[in-house]
K.L.:
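Quick one: this structure, given as structure tokens, is what I'll be asking you about.
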Amino acid sequence: MYQYMALPLSAVKGIGPSLEKRLHGRGIDCIGNLLLHLPLNYIDDRRVSPISLLREGESGRIEGRIISKEARGYGKDRQVWIRLADDHGQIRLNFFHAGFMMGDARLTEGRLISVRGVAERWQGQWQMTHPEWCVAEAFEPGYQPHYGALAGLSGKRIGTMIRQALLMLPATATSPLDHILMTQYRMPSLRQALLQLHQPHAADSDMLRHASSRLKSEEIILYLLLMRDKKRQADCPGILLASQRLSSELLEQLPFPLTDAQQSAWQDISADMTSGRRMHRLLQGDVGAGKTWVAALAMASVAGSGYQAALLAPTSVLASQHAITLRELLMPLGLDVALLTGSTRAAERRKILAALASGKISLVVGTHALLTDDVCFDHLALALVDEQHRFGVRQRWALAEKRKPDHQAVHLLAMTATPIPRTLALALYGDMDLSMMRGMPPGRKPIETRVISADKMRPLADGMQRMLDVDGRIYWIVPRIDEDDDGISVDQRVELLKGYFPAAGVLGLHGRMKASVKDEVLQAFASGACKILVSTTVVEVGVNVPEARLMIVEQAESYGLAQLHQLRGRVGRSSEQGYCMLIAGKQASQSSLGRLQQLVRSHDGLELAEADLAMRGSGDAIGTRQHGDAGFRLINLAGDGELIRQWYEHLPDFAADEAMLRFWRPFADSAD
């Protein structure tokens with residue numbers, strides 16, 4: 001199976017070099033990735049309706065003979081009208097920019113064609129604009145998958161590509177997990193699950209849910225097996241840090257005393273590092289809970305004991321912010337902090353590498369640049385990984401493995417602001433001990449949060465202008481990168497907001513941009529050259545702009561509560577009041593609106609994460625657009641908690657091959 005999944009897109013009929021390049025730019029670089037672009041929903045396309053029984057504003061399937069075809073206009077703007085009739089009535093089909101259809105032999109008068117589209121009344125007559133069509137004998141009744149647009153390609157075109165990819169799927173293709181899951185748990189094979197999701201014979205919700213669970217099981221089982229192996233490796237002797245002098249000095253110099261949560265986390269970490277056993281700990285702190293201070297204490301303890309510490313961050317912007325904060329805290333103790341990223345100049349890089357190898361530099365912050373083979377330490381004692389879910393499992397460990405053969409194991413402290421209920425955290429990070437920090441440090445005001453309807457955009461625009469007038473900055477979050485019919489994508493919103501706020505330097509940001517371009521956009525927002533940043537949820541972690549005071553989230557009901565809590569944590573990071581406006585989509589149900597109101601009442605990320613789990617099965621699509629949280633491709637924490645716990649408690653024993661591991665990316669080559 002995974003040899004097939006790894007095939008390049010060029011192997012699919014209809015995907016040439018240009019299309020392949022466009023899809024690569026959206027993270028679709030092999031057939032398997034294309035097949036993970038799952039349908040948004042399914043259309044019941046079994047029944048052909050008489051034209052006279054169509055319903056205005058609703059999609060329907062009709063069949064009729066062409067009684068006339070004519071064109072209006074010239075060149076690329078040519079419009080084609082086709083009049084269709086059955087035994088019960090007539091309808092006009094409108095096609096714009098479609099002059100080529102005049103020469104299509106399938107559309108000659110008298111031909112019987114099958115059509116699906118949205119019916120409308122115009123001057124007392126039925127019409128459809130740009131409906132799907134085929135010759136009648138080619139129509140196959142059934143349930144048609146509806147796909148979201150991708151890379152500027154319509155969902156219909158993406159569906160055609162997926163059908164071609166499925167035609168290439170060998171009947172003998174199997175996954176290493178198929179036998180175990182089919183015999184012990186009566187789940188379909190991976191091949192069957194993909195076919196059921198993309199080509200269902202019936203819109204059976206139980207069957208579709210079963211197929212979806214099979215696909216997600218492939219990912220979570222592989223991840224949990226890797227966690228189990230890492231836990232075994234973590235149980236070993238570690239460097240004993242004898243001196244707490246510098247960390248004690250730092251405690252006395254902090255501008256505020258540690259909160260109870262910070263104090264408890266620091267006690268856990270300090271006990272680990274003085275135990276003689278390797279620390280392997282996850283520090284989960286709510287947005288703004290003060291994890292950086294705890295990290296600074298650990299780094300001071302390491303430097304005071306004569307060793308080195310390194311902090312790994314997923315982006316150069318976040319690494320730079322950490323370096324600035326840590327220098328402010330540690331330089332009064334006589335400790336400098338080096339910064340190493342992919343944009344560090346060659347001469348400066350050589351200087352830093354030499355100082356790390358000699359031990360002259362005790363503390364360094366960096367991005368993936370820290371993981372390259374030429375980065376060597378004199379005696380590394382502590383590896384810190386911030387927003388650790390942005391890294392693959394092996395990457396989390398790669399920094400801690402940069403030790404000399406005769407040195408003891410390096411302590412590993414991973415940090416995350418992703419609020420995950422404790423029961424799930426124990427399963428997902430079973431290779432690590434867990435410290436949880438709740439609450440906010442002194443001086444932070446809770447973010448004022450409101451739920452507003454989509455028809456309140458004019459008052460919202462007025463409020464945005466008032467925020468810009470006092471030099472505040474604004475995040476505007478949209479649910480997707482690519483264009484769609486509802487107009488809510490990054491590029492579409494950028495153009496709209498540029499029209500309203502031409503002086504605000506509106507820019508767009510999403511996770512499929514090159515790292516260097518993302519950094520440029522974030523730097524522009526941090527400097528004030530850009531005052532409105534339109535983004536997907538890529539900004540939910542690791543962006544610290546104190547001037548940002550307003551967060552706006554469109555179609556907020558599509559996200560989990562914990563993720564919305566993280567998004568609003570990007571604002572109010574100064575003494576000024578921060579605001580979060582949650583715009584509910586037009587189709588949002590009353591239960592969705594009630595769920596969003598919990599964000600108005602609660603500012604505790606873990607409480608909200610628990611609420612997400614408690615509401616599973618309430619009928620709302622919680623988290624439908626937040627796949628990728630905690631580093632997963634299909635799993636979402638709000639909806640799949642039960643599945644995660646099931647496999648954690650009944651983890652099958654099997655050997656994954658390298659192709660399978662590489663496809664699911666539990667050790668990604670770069671941060672997502």
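Note that the numbering runs from 1 along the sequence shown for the chain.
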K.L.:
Any chance you could lay out the side-chain contact (heavy atoms from CB on, under 4.5 Å) test for R403 and L380, step after step, and finish with the verdict?
P.N.:
CA-CA 6 Å; R403 64 182 178 97; L380 184 66; 5.6 Å; no
K.L.:
State, with a plain yes or no, whether a side-chain heavy atom of D653 is found less than 4.5 Å away from one of R228.
P.N.:
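Result yes, sub-4.5 Å side-chain heavy-atom pair found.
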K.L.:
Quick one: does Q308's side chain have a donor or acceptor within less than 3.5 Å of a partner on L356's backbone?
P.N.:
yes
K.L.:
Which heavy-atom pair separates A338 from I352 by the least distance, and what is that distance?
P.N.:
CB-CG2, 4.5 Å
K.L.:
If we only count heavy atoms from C-beta on, is the L413 to L283 side-chain gap below 4.5 Å?
P.N.:
yes
K.L.:
Do you see a donor-acceptor pair shorter than 3.5 Å between the side chains of H322 and D386?
P.N.:
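Result is yes, a qualifying pair exists.
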K.L.:
Quick one: do the W664 and Y2 side chains pair a donor with an acceptor below 3.5 Å?
P.N.:
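Checked: W664/Y2 side chains pair up, N/O donor to acceptor below 3.5 Å.
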K.L.:
Would you say S270's side chain and W266's backbone share a donor-acceptor pair under 3.5 angstrom?
P.N.:
no
K.L.:
Going through the distances and angles, do V517 and D519 end up as a side-chain contact (heavy atoms from CB on, under 4.5 Å)?
P.N.:
CA-CA 5 Å; V517 177; D519 286 346; over 6 Å; no
K.L.:
Do L412 and M432 come close enough that some side-chain heavy atom pair is under 4.5 Å?
P.N.:
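L412 reaches M432 side chain to side chain.
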K.L.:
First locate atom CZ of R645, then atom CD of E649, and finally report the distance between them rounded to the nearest 0.5 Å.
P.N.:
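It comes to 8.0 Å.
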K.L.:
Going by heavy atoms in the side chains, are L282 and D433 under 4.5 Å from each other?
P.N.:
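The answer is no; the side chains never approach within 4.5 Å.
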K.L.:
Distance alone, cut at 3.5 Å: any donor-acceptor contact between the side chains of S535 and W476?
P.N.:
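Side-chain D/A pair, S535 to W476: absent.
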K.L.:
With side chains defined as the heavy atoms from C-beta onward, is the minimum distance between L297 and L258 less than 4.5 Å?
P.N.:
yes
K.L.:
Please walk me through it: do F256 and W293 pass side-chain contact (heavy atoms from CB on, under 4.5 Å)?
P.N.:
CA-CA 10 Å; F256 298 102; W293 283 15; 4.0 Å; yes
K.L.:
Counting C-beta onward and ignoring hydrogens, is there a side-chain heavy-atom pair between M331 and D336 closer than 4.5 Å?
P.N.:
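Result yes, sub-4.5 Å side-chain heavy-atom pair found.
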K.L.:
Would you check if Y223 and I635 make a side-chain contact, meaning some heavy-atom pair closer than 4.5 Å?
P.N.:
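No, every pair of side-chain atoms sits at 4.5 Å or beyond.
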K.L.:
Can a donor-acceptor pair be found, under 3.5 Å and without considering hydrogens, that links the side chain of H650 to the backbone of Q646?
P.N.:
yes
K.L.:
Answer yes when D235 and R277 have at least one side-chain N-carboxylate O distance shorter than 4.0 Å, and no when they do not.
P.N.:
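Salt bridge between D235 and R277, a charged N being under 4.0 Å from a carboxylate O: yes.
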K.L.:
Would you check if there is a donor-acceptor pair between the side chains of D268 and S435 at a distance under 3.5 Å?
P.N.:
yes
K.L.:
Between T372 and R349, do the side chains contain an N or O donor and an N or O acceptor separated by less than 3.5 Å?
P.N.:
yes
K.L.:
Looking at L634, is its backbone amide N or carbonyl O close enough to the side chain of E219 to form a donor-acceptor pair, meaning the two atoms are under 3.5 Å apart?
P.N.:
yes
K.L.:
Rounded to the nearest 0.5 Å, how far does CG of L311 lie from CG of L340?
P.N.:
12.5 Å
K.L.:
Would you check if there is a donor-acceptor pair between the side chains of Q244 and S247 at a distance under 3.5 Å?
P.N.:
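Result is yes, a qualifying pair exists.
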K.L.:
When you measure from the side chain of R281 to the backbone of A414, do you find a donor-acceptor pair of N or O atoms at a distance under 3.5 Å?
P.N.:
no
K.L.:
Please check if the side chain of K402 supplies one atom and the backbone of V375 the other of a donor-acceptor pair under 3.5 Å.
P.N.:
yes
K.L.:
For the pair R278 and D272, find out whether any cationic side-chain nitrogen is under 4.0 Å from an anionic carboxylate oxygen.
P.N.:
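A salt bridge is absent here (no side-chain N lies under 4.0 Å from a carboxylate O).
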K.L.:
Quick one: do Q563 and L608 satisfy side-chain contact (heavy atoms from CB on, under 4.5 Å)? Show the steps, please.
P.N.:
CA-CA 9 Å; Q563 190 173 37; L608 291 167; over 6 Å; no
K.L.:
Determine whether a donor-acceptor pair (N or O, by modelled atom type, separation under 3.5 Å) exists between the side chain of Q262 and the backbone of G290.
P.N.:
yes
K.L.:
What's the separation between atom CG in L550 and atom CD1 in I532, rounded to the nearest 0.5 Å?
P.N.:
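If I round to the nearest 0.5 Å, the distance is 9.0 Å.
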K.L.:
Just checking, any donor-acceptor pair under 3.5 angstrom between side chains of D604 and S602?
P.N.:
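There is no such pair between these side chains.
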K.L.:
Should the ring pair Y475 and F525 be called parallel, tilted or perpendicular, given that the plane angle runs from 0 to 90° and is split at 30 and 60?
P.N.:
tilted
K.L.:
So, are E249 and R245 salt-bridged, with charged N and O less than 4.0 Å apart?
P.N.:
yes
K.L.:
May I ask you to test the L36-R633 pair for a side-chain heavy-atom distance under 4.5 Å?
P.N.:
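Of all side-chain heavy-atom pairs linking R633 with L36, at least one is under 4.5 Å.
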